Undergrad: 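Sharing a structure with you now.
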Amino acid sequence: MTKITRRDLIIGAPAVLGAGSLSLPSALAQESAADYPSREVKFVCAFPAGSGADVYVRYFAERMRPAFKRAIVVENRAGANGNIATTYVARSKPDGYTIYVHAPSALAANMHLFKNPPVDATKEIVIAATINRQPFMLTVHSSSPVKTVADLVELLKKMGDKASYGTTAPTSKVAAAWFNKVYGLKPVEIMYKTGSDTMNDMQSGSIDYVMHDPVHAVANATNGSLRMLGVTTKERMKASPDLPSLHELGVKDLDVPGWWAAMVPAGTPQAIVEKLNQMWKPVIDGEETRAFMAKFGADTMSLSTAEAKSMFEKDVKAWGDYIKLANIEPQG
Amino acid sequence: MLRVKCPQDLGAGLLFIFIGLVGIYFGKDLTYGSARSMGPGYFPTWLSWIIMGMGAICLFKCFTLNGPPIQRIALRPILFVFAGVLAFGYLIEHIKLEPALVLLVAIATQGRSDTNQKKMLLLAICMAFASVVIFVVLLGQAMPTWSGDYLSAAFTKLWSLFSSAKGA
Amino acid sequence: MDMNMFQNLMTGFAAAGTLQNIGFAMIGCLVGTLIGVLPGIGPIPTLAMLLPITFGLDPLTSLIMMAGIYYGAQYGGSTTSILVNMPGESSSVVTCIDGYQMARRGRAGAALAVAALGSFFAGSVGTIFIAGFGPPLASFAQKFNSPDYFSLMVLGLVTAVILAQGSVLKAITVILIGLLFGLVGTDVNSGATRYTFGISTLWDGIDFLPLVIGMFGLTEIIRNLESDTIERDPIPTKMKDMWPTRAEFKEAIPAALRGTALGSLLGILPGGGAVLASFAAYTVEKKVVRNPSFAFGKGAIQGVAGPEAANNSAAQTSFIPLLTLGLPSNPIMAIMMGAMMIQGIQPGSAVMTSNPELFWGLVASMWIGNLMLVIINLPLIGMWVKLLQVPYSLLYPAIIMFCCIGVYSTNSEPSQLLLMVIFAAFGYILIRFGCEPAPMVLGFILGPLMEENLRRSMVLSRGDPMIFLQRPISATLLFLTACVVALIVLPSFRQTREEAFKE
């Protein structure tokens, strides 16, 4: 039974505790970056075949084929919300043939969601190329009288602890907790597995707002069942330029995006990492990928390896504060 | 003195009580919460107690109502089939798919004493290659194999020959 | 509405009936049937692998092919259930019970034919259902809130008790154990891991495949190996003998009708709907049919026809929430939704007005797909039955191999095979202690959903359990549950008393 969620697209949640031995970079038999890639390349996906995340990975396996000029196999190492795949990649040979297409933001979150994360993400994983950036969205049901964030705040203030709100993932919890705190709101949190699960309870008015992932939010706003009020990134998204950011509406500095990247194990020769960055860049910047991402409410993002590294490190630090804010208890 | 009238119920009762106990024991570290805000331990703890209660009733019944006996448990097929499967699981990453499959069949078929060893080995080898073709070549499953690349190449070649012949 | 429906369907058949579309429907059904027969490689990974190919096809064609794979796999799963007692997916677990018994007494051909024809009939009805009542049904499904879902699952689990032969007490407990197994893994609400014993494979819960293949496939092999004569009774191979007899048809047709009705209704509910359908259909058959020629559990043809029809009509109507609301009701629908979104189509009610050719084309293709399935599968029955003539001593090593590869391929973890062995042992012990393992599967699947909805309902009501009686849908379902309980408990009480008096 495959568990599929569109949430998988956004950010993984909890994770595993495994044994933590890792293979050290081997200097022997490294091929030069000029010859790379000379054989089949493996894309590792942290979710089961058919999940939302898998759609992303297979999309890129298809789009990157011309650049690699080699066969690309997708390997699903599902389990433990991404940590099985992360451990697997961190321990594989650092030769550029095992590429982890996943969300560094999820790796960052996992560093704090668990008391003993199996992999020290920033030390054992290197980002070769960034893919996209996506917000979570503050939404209400389209039948709700609430039209703006100000309306919502007023309603929630009036209802006090009679109000309820829905969350679907750690990022969703963090953004919602932040929002509630800034306005001093006291709604009760109700947790859902996927965006779809929230819809009936939203329609009946049992929950007053949900911090939705962009895939679900955009799809259901387009078909008229949801109203999006704002995004959780500091700036507006190019994919949804009319949608205000919560930061500009008064939730100062709220900026919790999810983002995706192609990653390799630490120890991969820098020349190969740079070459990968150059191979991915034109595909990410291309119109086709932009349009593909826009459908999921995301903006493409191509950064240099150095920029990606500092963004990753910043994220890992930020999640330490986030989980305190959202009152998430790290799990053993 | 108590007399077991239904051995099946005795077994089932003990099994249920055991599962209930495991559920309660390993669930005791989980936050229980309250009816209003149930923790991760609430539902499983309740379930485990009920399972244990059911086990107790079963146990009680086995002394009061007559029932069928437990059929003989044949150890030989169980041991060999399980051993074969486990050997496959733990060796596939080291010796790759084809030998692991042959070993699996070689062990599992010892579950019967009337197995024709030679025939079975031959079958195992043929089936191993057939499996590579079906699962790795045609269905594109990522699995460690010795012959997968060669068989894939052969298939691509055959396919191109076939399509060019059709084109001409 | 009737006139419109006719016109709409014509639009649909015009769009779907092109040579290219029919060709892809055929390929889809064929691929689906084949992967359905192989354990492990279910429809979900296959669809995922094919997803990139669909980038290049036009939207309707790609959806038609994917839908074909979905139906094909549903049916393929039933084929292995009947032939070797190995359900490929949750909805065919029930088919094992009587289908495999029919095969054992040489009626595999009849079982397969009834499954194929019943599925075709149910699929056709399901299609008409979608065409005629899609939108109103969808808005009914939308009325289900967390408490209603909880009550629905309670009803489903209680009806599953009837499924089992023998002791009601044991059946209930086995279902509860299934629920408990379903809870293994990371708790959605708190992130705490439950009953994982430090094994990382269990962090996402027990996988479905090692559980069913272990409990049904391997257990069955072991039970066959321990019998004195390993070979089966000779199986008739003439087409005439494989076809269902008139008497068999007479028993199967009403069962298929009931299954179709039940499946069409349950299919629209997200989550456990389609699985509940086949279990519920079996239960209904067992209660409704007074004197079957063969007892249930011993190869009653109603036990094949009803659930097979139910799971196929549910497979059709599970499209309703996706097509009308944009909500996927199961993982396969979620992939279909992904495929639509990649093609630039936003699933939901807007599709019907903005893209009527696609909507009605897909509806029409469902019928075409079901027809293909019958065309492909009726001739294949001969081949499958021939397969059973292969001496069992050669067949079983091949089955074990496929089991192992299938389970290993789910995520390349050796521990999955250990799990499979553990469940095989568990299944074997259950049978030895007189417990039927099939109802456990339903508990296993519904466990997490049930807990989730219970917890959510209780937060919504701020801790007041009366919420389950205050909501009309939930109250109705609980009332039905009470009726079913009475139905189960009364006869078994009487029986127990009689036995006690005999003493």
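Proteins get letters first, then strands, A, B, ... in listed order; numbering begins at 1 in each. The figures here come from the full heavy-atom set of this structure, side chains too, leaving out hydrogens, waters and symmetry mates. Note that the structure is a prediction, hence the values are computed from the model and not measured.
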Undergrad: Give, as side chain, backbone, both or neither, the part of B/Ile78 having an atom under 4.5 angstrom from any heavy atom of chain C.
TA: both
Undergrad: If I measure from the heavy atoms of chain B, does C/Leu180 come under 4.5 Å with its side chain, its backbone, both, or neither?
TA: both
Undergrad: Atom OH of B/Tyr42 and atom CG of C/Asp187: how far apart are they, to the nearest 0.5 Å?
TA: 14.5 Å
Undergrad: Working to the nearest 0.5 Å, report the span between OG1 of C/Thr173 and CG of B/Leu15.
TA: 10.0 Å
Undergrad: Among C/Leu454, C/Leu460, C/Leu430, single out the residue with the greatest number of heavy-atom pairs under 4.5 Å to chain B.
TA: C/Leu454
Undergrad: Sort and list the pairs that fulfil salt bridge (Lys or Arg N to Asp or Glu O under 4.0 Å) and have at least one residue in residues 87-97 of chain B, not counting sequence neighbours.
TA: none
Undergrad: Under 4.5 Å, counting heavy-atom pairs only, tell me which of B/Gly111, B/Pro144, B/Pro44 racks up the most with chain C.
TA: B/Pro44
Undergrad: Taking side chain as C-beta onward, heavy atoms only, is C/Arg455 less than 4.5 Å from B/Ser37?
TA: no
Undergrad: So, taking the atom named CZ in B/Arg76 and the one named CD in C/Glu226, what distance separates them when rounded to the nearest 0.5 Å?
TA: 13.0 Å
Undergrad: Kindly compute the distance separating OG (C/Ser415) from OH (B/Tyr90), expressed to the nearest 0.5 Å.
TA: 6.0 Å
Undergrad: Evaluate the criterion side chain to side chain contact (heavy atoms under 4.5 Å, CB included) for residue pair B/Phe82 and C/Leu417; output intermediate values, then yes/no.
TA: CA-CA 9 Å; B/Phe82 288 180; C/Leu417 292 149; over 6 Å; no
Undergrad: Atom OG1 in B/Thr115, atom CG in C/Leu225: separation rounded to 0.5 Å?
TA: 8.0 Å
Undergrad: May I have the list of side-chain donor-acceptor pairs in residues 116-131 of chain B shorter than 3.5 Å, sequence neighbours left out?
TA:
{"from": "B/Asn116", "atom 1": "OD1", "to": "B/Lys118", "atom 2": "N", "distance (Å)": "3.4"}
{"from": "B/Asn116", "atom 1": "OD1", "to": "B/Lys119", "atom 2": "N", "distance (Å)": "3.3"}
{"from": "B/Gln117", "atom 1": "OE1", "to": "B/Gln110", "atom 2": "NE2", "distance (Å)": "2.9"}
{"from": "B/Gln117", "atom 1": "NE2", "to": "B/Gln110", "atom 2": "OE1", "distance (Å)": "3.3"}
{"from": "B/Ser131", "atom 1": "OG", "to": "B/Met127", "atom 2": "O", "distance (Å)": "2.7"}

Undergrad: Is it true that C/Lys170 and B/Asp9 have a side-chain N and a carboxylate O under 4.0 angstrom from each other?
TA: yes
Undergrad: Is C/Arg194 reaching over with its side chain to a backbone N or O of B/Pro40, donor-acceptor style, under 3.5 angstrom?
TA: yes
Undergrad: Mark yes or no for whether C/Tyr195, through its side chain, and B/Gly23, through its backbone, hold a donor-acceptor pair below 3.5 Å.
TA: yes
